[in-house]
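All of these numbers come straight from a predicted model, not from anything done at the bench.
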Amino acid sequence: MPHSDQTLLYAWLIPLFPLIGFLFNGLLGTKLPKVVSGGLATAAVFASFVVACLLFQHVMAADEAHKQFTVYLASWMSVPADPNHGIHSLAVNFELLIDPLSVLMMLIITGVGGLIHLYSTAYMAADKGYQRFFTYLNLFIFFMLLLVMANNLLMLFIGWEGVGLCSYLLIGFFYEKRSAGDAAKKAFIVNRIGDVGVLIGMFFMFHYFGTLDFVTGHSNVLGMTEAAPALVAAATPAVITTMLLMIFFGCTGKSAQFPLYTWLPDAMEGPTPVSALIHAATMVTAGIYLVSRTHSLFVLSDAAMITVAVTGIATAFFAATIGLMQNDIKRVLAYSTVSQLGYMFAACGAGVFAAGMFHVMTHAFFKACLFLGSGSVIHAVEHAMHASHGHQGEQNVAHAEHGDSADEKTGGTAGPDPNDPQDMRNMGGLFPRIRVTAVSMMAATAAICGIVPFAGFWSKDQILWRDWETLAGGDWLFWGVGLVTALLTAFYMTRMVMKTFFGAPRTEAAKTAHESSPAMLIPIVLLAIMSSITGWAVLKFDTFAAFLGPSVGPLPTTHNDNLETSFEWGTMIAIVLVMAYCFLRYRASKNNELMTPQARADHRGWTVQHLLPTLGWYNWAILNKYFVDEAYNFWFVKLGKKLATWLWRKFDIEGVDGIVNGVGAFAAWSGQRVRKAQNGYVRSYAFSMVVGIVVILVFVVVGAMGLHK
Amino acid sequence: MNEFHGWLTLTVFFPAAFALLIGAFVPKTNLQLIKALTLVGTLGTLAVSVFLYAQYNPDPHAPQFQIVDKTSWIASLHINYFLGMDGISLLMVLMTTLIFPFVVGVSFKEITERSREYYCWVLVMETAVLGVFLSLNLVLYYLFWEGMLIPMYFIIGIWGGPRRIYATVKFFLYTMAGSMVMLVSIMALYFLSATPTSPGSFDLPELQKHVYGGLFSGKQVTDLLLFTGFFLAFGIKAPVFPFHSWVPDAYAEAPTGGTIILIALKMGLYGFIRFCLPLFPYAVKHSAPIIITLAVIGVIYAALVAAMQTDLKRLLAYSSISHIGVIMLGIFALTSIGMSGAVLQMVSHTITTGALFILVAGLYARRKSYQIKDFGGLMAVMPMFTVVFLIATLSSVALPLTSGFTGELLLLLGSFQTHPWAAGFATTAAIWSVVYMLWMFQRVMYGKLDNEANRALPDMTSGEKWALFPLVVFIFLLGIYPTTTLNKLNPSITTVMAQSDPQYNDPFPPHIAPQSPKTVALGPRVAAVPAQPKGSNP
């Protein structure tokens, strides 16, 4: 049973440290030297990491049945009950929930987050918005920690919207770029669409539970988790399903699932450490966290669970196909993130929340490593580009200057912008020049593809196998789509590594690139090591699942354990074959050194079109990302603007206001007419007085009779 | 029956006394002294109301109106001078006295001609507004209500923008039309409440007793008609869709100080809570579906129109209409959570939108333009200004930990309990507000600084800091720690809720009585709230 433990009050230090860092950097701002600013921000996150470790110790030491603690700080808002209308009292507190799940998330956020802060001190060193960057970054960590530590949905929602805000600020970090501003706004709006779902789900929950607490907190009502069984008896299945689908709709926004995934690829406009921290390792996993946190509700509705699973696996497949054709290194990783998040939801939908969370953790390691690595690559290429066209002097605009949006508009059919350091068509042959980055990224690639013994193998294997096990009925379908997605993942990741690191350099910049500084390499290497050893040397899945058990429930029982090994190995062999095929095809393809821009345009990268040459329309659709963005733009943005303009110009100004002005005009017109009555003759005035008096008298008499009847 | 403490009278007439002082004794040319005295007048009123706030005892067993000034006024017509304060009017008064120093402050630079007149009208305006929030006698109330029009008429008409005459006349006639029908309702209440043994009354508590005693028994049509009279007056002032069309013109044409006063004019919404709910419980209950429909249409409609605005002031005007729609929903959904949210959101909306208008005035002072297209990329030259602009924007879009969220969440959460569909639609305001506010923010602050005229704009001036930092503090205060405020508010809300519930002494035959409140719109629930026995009127 969960219980309140005020001795854990120090848990509040965890969000407090980044908050202090935020305030310090935010208020003193550019007055601080960069070392102090970045150093302080990084130290704040690592300080939180230390406290999180202490909490981890505490939770580990607690006995099995008492691993959930609540820590009360203050009341946030409260309104007494309204028994006449059958409405519960509302009591929302600032209260933390410390349990295995939240501790795990804290460790990921502060651990990986701290490394990314460290990395950023070097990566952003040349940027004029250095202090602003760390201000936002600390604020993000603060909100993210609130999100995972909250003991009630409303406090979680603070974090939920707060990380959305930070995401907005950081995507729009290079605010002078039009595309950055657009992408930031898009991310905020799309997330808000999902947030409406969370809010409505929350209203439902308050209606039925009378509380928003996850576990028994300071209210005298049971927390949602404990009240869940009673819900089955009290509410209709339709109500439970609606409530959960609303919550899940919010998760599709935050975790970039279909239909609300479109913001994430655009979010790559932000600086690369942001992509690593927010758009890969932490924020986008909030949806999986929320589903796991409310798993005791989700398991009540088969329809909701199936929706989660189908959305997850469909998004995984869908995003992976788009990933095949991207030429921007960060966009490949972005679609890959969408795809991997889909896997996590597939696990949750199958009822194996522990597997979903396991993939959250391993994904945080390898995807952060990949993003930081890509940052290192971009950094290297970019500096070489600066050197080649001689504006080392203007380094304070470093990352802002080179955009990746030029070829977006034409759907990837035009050639690359030769000044775009993120375009893989401007790279090639980087391996010998940035060896540490390359090896680390290759380890992470092995992990994401699912090669034994790298981390992703263990987590992805669990998801595929458990999907086969639990989603009886649709078993082969889920598993099959999952497997194909895994093969696609192997393909596009290998393609990315080959295009970036191997072959001959395709530009002058790629030829002269050199390795990044240690502050950038240390986090990359550490994350690469974590991606390599998690799952077998440390943190085996069974240990992990047992640890999370008190939070997300025990693993479902399996039936065909003897099949598991064959599945594992079969999947992996298929993956290795795909990677080998990709490798060989790439080696065999035409890859001229230092192609002219035109030649590079014609070359158009090396994609699935070589694999499936007959499927021209399919290439076209993928290249344009299935026109989802275009469809949304047409249906919602363009038609929305038309409707709004019509409402304003026609309905409001001509209609509503027209009536008002019309009434005014009528009054003026009739006034003109009536004025003629004022003709100056006393006799006509006397006549109207008499008429008036008679009318008033009649009214008074009749009225008095009526009133006193 | 006479009870006179003087505190409320002091609060109400403190600003007017300063207006008199300035008008009578200070020469027109002594601008410094005029400004200083005006500021002292508004700050003094603020001090008095802060004192009242501190003194206010949130004990649920205390009488509804804790602080009262009551004495006979026009004895022959049974009109009393009757001011009274409960938790709701307490917050309204605090909000008003809080915002008026800012109204004065922003005018220092903006108002350059006929200053003495202007500041006198502002002070008179404050007295009228405070009178409206504190009057419990309908005649006194009506005097203050109409009294507000005069200073407002001059403030917009003399110191307004290019189309000020059109805007003034529209504002004046429109609100006047609403007031007239309310006057008819007030008179009718007086005559109706007369019995063979006692004369009628204009006092709210007295009238309430009559209503519970069956004043409208068998007179549903009368009830509805009188309610409509009040509704039109309040609905136009609030404003409720479709009576909103005076708002964009008035907001856009008024000088900044005047616009902020208009934002702080929450007496329409306040009137619903103070007069409509307790006096016409039956009519409210039965017209709620229509009103809620109008409110929700207003939320979405005004937000969509706001998105297309090219003028910053008009954009904020439409955004206000949208926010007011949510507050209307919260009031007429008749839940205590929604009602608390409504009052909080009135305060929050005043602070937040007030801050936004001050910021927009700052932009105008720099560029002499309200057009969005004239700006862009300002973040590069005005970083601190941008941060404050962002904070106000975020409060406007109801981001958690800002005051806008506290209000809007309570509003929607409360309304959902009785009107799930309406609340569900209104919740989409969270999307619309982001669409129009962030789009505006992006066009003003983000992007390249490509307009030559914007290249050398100064960052926040010290005057702007004085005006905006306190508002930012209040935005966060109400967002992070609304508890003390809510505690002062809750007992009064509970009382009003009980008064507005026709099940206490239902005067109507069962076939038209509202359905039992135990029937919950969404179906059964887990832990049923213990049923409360039908109580008598508290």
Tell me, side chain or backbone of [X] under 4.5 Å from chain B's heavy atoms, or both, or neither?
X      : answer
A:F651 : both
A:I659 : neither
A:K185 : side chain
A:L165 : side chain
A:I193 : both

Winner by heavy-atom pair count (cut-off under 4.5 Å) against chain A, out of [options]:
options                        : answer
B:K448, B:Q442, B:R443         : B:Q442
B:L410, B:L304, B:L413         : B:L413
B:V397, B:L489, B:D249         : B:V397
B:Y166, B:F441, B:Y481         : B:Y166
B:T494, B:L173, B:I480, B:T428 : B:I480
B:H244, B:K170, B:Q309         : B:Q309

Taking the six-membered ring for Trp, is the centroid-to-centroid distance between A:F22 and A:F142 below 6.0 Å?
no
Inter-residue atom distance [X].[atom1] - [Y].[atom2], 0.5 Å rounding:
X      : Y      : atom1 : atom2 : result
B:T427 : A:D195 : OG1   : CG    : 11.5 Å
B:L315 : B:M440 : CG    : CE    : 5.5 Å
B:T393 : B:Y436 : OG1   : OH    : 10.5 Å
A:F188 : A:W263 : CZ    : CH2   : 12.0 Å

Please state whether the side chain, the backbone, both or neither of [X] comes within less than 4.5 Å of a heavy atom of chain A.
X      : value
B:F243 : neither
B:A307 : neither
B:L390 : side chain
B:T406 : both
B:A429 : neither

Of all of [options], which one pairs up most often with chain B through heavy atoms under 4.5 Å apart?
options                       : answer
A:N661, A:V663, A:L643        : A:N661
A:F143, A:F94, A:Y168, A:F157 : A:Y168
A:M155, A:E176, A:R649        : A:E176
A:M202, A:M77, A:R192, A:R178 : A:R192
A:I200, A:D652, A:L647        : A:D652

Residue pair [X] / [Y]: nearest heavy atoms and the distance that separates them:
X      : Y      : value
A:N25  : A:T135 : CB-OG1, 3.4 Å
A:N93  : A:N152 : O-ND2, 2.8 Å
B:S500 : B:L334 : OG-CD2, 4.2 Å

With distance as the sole test, does B:T483 use its side chain to make a donor-acceptor pair with the main-chain N or O of A:W76 at under 3.5 Å?
yes
Which pairs, with at least one residue in residues 413-422 of chain B and sequence neighbours excluded, count as a salt bridge (Lys or Arg N to Asp or Glu O under 4.0 Å)?
none
Should the heavy atoms of other residues, nucleotides or ligands under 6.0 Å from CZ of B:F172 be counted, would the total exceed 12?
yes
Across all chains, not counting sequence neighbours, the salt bridge (charged side-chain N to carboxylate O under 4.0 Å, His left out) partners of A:R132 are none
Can you list the steps and then say if A:N191 with A:E161 is a side-chain hydrogen bond (donor to acceptor under 3.5 Å, both in side chains)?
CA-CA 8 Å; A:N191 268 294; A:E161 290 252 287; over 6 Å; no
